[in-house]
Amino acid sequence: QVQLVESGGGLVQAGGSLRLSCAASGRTFVRYAMGWFRQAPGKEREFVAAINADDGNTYYADSVAGRFTISRADAKNTVYLQMNSLKPEDTAVYYCAADFLSSAQAMADRTDGMDYWGKGTLVTVSA
């Protein structure tokens with residue numbers, strides 16, 4: 001069993017930055033590909049970014065590439081999402097997900113079916 005707890009959300013002006021964190025319980029964190037997804041009001045959940053468990057390769061949605069950076073600290077069982085140059089359209093609840101023995105690209109190809117999900121953290125970007 002893995003529990004994921006997101007933190008770091010909040011209110012920021014357009015052009016600002018936030019760093020989200022996702023703390024995972026369990027001793028097999030290193031075997032999970034990790035990802036971030038988001039769901040804006042009235043919209044379906046969408047993929048944001050993911051990172052491999054083994055080689056650290058990353059994958060990004062076109063809408064955030066060049067602005068967001070995903071990273072992981074396996075010693076801390078934590079994955080991060082650094083968000084820069086935020087736009088009002090980035091406003092959403094951001095969810096952390098873990099997928100056992102998966103890959104970043106595989107996580108990018110679907111928005112459900114992950115092994116574990118966090119409860120989400122709200123990011124609001126004002127114009």
Side-chain angles (χ1 to χ4, degrees):
Q1 187 75 12
V2 173
Q3 290 185 324
L4 303 175
V5 179
E6 303 96 336
S7 61
L11 175 64
V12 64
Q13 288 187 333
S17 298
L18 281 176
R19 188 175 82 154
L20 305 183
S21 298
C22 173
S25 65
R27 294 176 290 179
T28 58
F29 178 77
V30 295
R31 303 180 73 182
Y32 285 85
M34 300 296 297
W36 288 94
F37 295 75
R38 68 187 182 186
Q39 187 167 18
K43 296 187 177 180
E44 294 186 350
R45 185 165 55 196
E46 64 176 1
F47 168 77
V48 175
I51 185 167
N52 281 353
D54 49 3
D55 59 13
N57 278 351
T58 57
Y59 205 88
Y60 296 93
D62 289 343
S63 59
V64 307
R67 299 188 297 122
F68 291 10
T69 302
I70 187 171
S71 61
R72 62 189 296 158
D74 288 345
K76 297 182 179 181
N77 278 15
T78 302
V79 63
Y80 304 98
L81 185 68
Q82 178 65 44
M83 305 186 295
N84 299 329
S85 302
L86 282 161
K87 305 174 181 180
E89 51 264 42
D90 294 319
T91 295
V93 177
Y94 284 72
Y95 298 91
C96 176
D99 212 21
F100 187 65
L101 295 181
S102 183
S103 70
Q105 185 161 3
M107 295 185 83
D109 288 340
R110 52 196 172 97
T111 56
D112 57 14
M114 308 301 164
D115 291 312
Y116 299 101
W117 290 93
K119 294 184 178 181
T121 186
L122 177 63
V123 172
T124 303
V125 184
S126 62

Separation between CH2 of Trp36 and SG of Cys22, rounded to the nearest 0.5 Å
5.0 Å
Calculate, to the nearest 0.5 Å, the distance between atoms CZ and OH belonging to Phe68 and Tyr60 respectively.
10.5 Å
Before giving the answer on side chain to side chain contact (heavy atoms under 4.5 Å, CB included), spell out for Tyr80 and Met34 the whole-Å C-alpha distance, their side-chain angles and the decisive distance to 0.1 Å.
CA-CA 10 Å; Tyr80 304 98; Met34 300 296 297; over 6 Å; no
Met83 and side chain to side chain contact (heavy atoms under 4.5 Å, CB included): which single residue from Val48, Val12, Leu20 fits?
Leu20
In short, salt bridge (Lys or Arg N to Asp or Glu O under 4.0 Å) pairs touching residues 74-89 with sequence neighbours left out are Arg72-Asp74
Qualifying salt bridge (Lys or Arg N to Asp or Glu O under 4.0 Å) pairs, either residue in residues 53-67, two or more places apart
Arg67-Asp90
Assigning hydrophobic clusters by single linkage (Ile, Leu, Val, Met, Phe, Trp, Tyr; side-chain heavy-atom cutoff under 4.5 Å), is Tyr95 placed with Val125?
no
So, for Val79 and Phe29, which heavy atoms are closest and what is the spacing to 0.1 Å?
N-CZ, 4.3 Å
Got a sec, which residues hit ring pair (Phe, Tyr, Trp, His ring centres under 6.0 Å) with Phe47, two or more places apart in sequence or on another chain?
Phe37
Please report the shortest heavy-atom distance between Leu4 and Ala24, naming the atom on each side.
CD2-CB, 3.6 Å
Any side-chain heavy atom of Leu18 within less than 4.5 Å of one from Val123?
yes
Residue pairs fulfilling side chain to side chain donor-acceptor pair (under 3.5 Å) with at least one residue in residues 2-23, sequence neighbours excluded:
Ser17-Asn84
Using a 3.5 Å distance criterion without hydrogens, assess whether the side chain of Thr124 forms a donor-acceptor pair with backbone atoms of Leu11.
no
Give me the atom names and distance for the closest heavy-atom approach of Ala14 to Pro88.
CB-CD, 4.1 Å
Of the non-hydrogen atoms in Ser71 and Ile51, which two are nearest, and what is the gap between them?
CA-CD1, 3.9 Å
Between CD1 of Ile70 and CD of Gln82, what distance do you get to the nearest 0.5 Å?
12.0 Å
Side-chain donor/acceptor pairs under 3.5 Å, residues 96-114, sequence neighbours excluded:
{"residue": "Asp99", "atom": "OD1", "partner": "Asp115", "partner atom": "N", "Å": "3.4"}
{"residue": "Asp99", "atom": "OD2", "partner": "Ser102", "partner atom": "OG", "Å": "3.0"}
{"residue": "Asp99", "atom": "OD2", "partner": "Arg110", "partner atom": "NH2", "Å": "2.2"}
{"residue": "Ser103", "atom": "OG", "partner": "Ala106", "partner atom": "N", "Å": "3.1"}
{"residue": "Arg110", "atom": "NH1", "partner": "Asp112", "partner atom": "O", "Å": "3.2"}
{"residue": "Arg110", "atom": "NH1", "partner": "Gly113", "partner atom": "O", "Å": "3.2"}

Hydrophobic clusters join Ile, Leu, Val, Met, Phe, Trp and Tyr when side-chain heavy atoms are under 4.5 Å apart, directly or via other members; which others share one with Val5?
none
When rounded to the nearest 0.5 angstrom, what is the spacing between CG in Leu81 and CZ in Arg38?
9.5 Å
Mind checking the OG1-CG spacing from Thr91 to Leu122? Nearest 0.5 Å is all I need.
8.0 Å
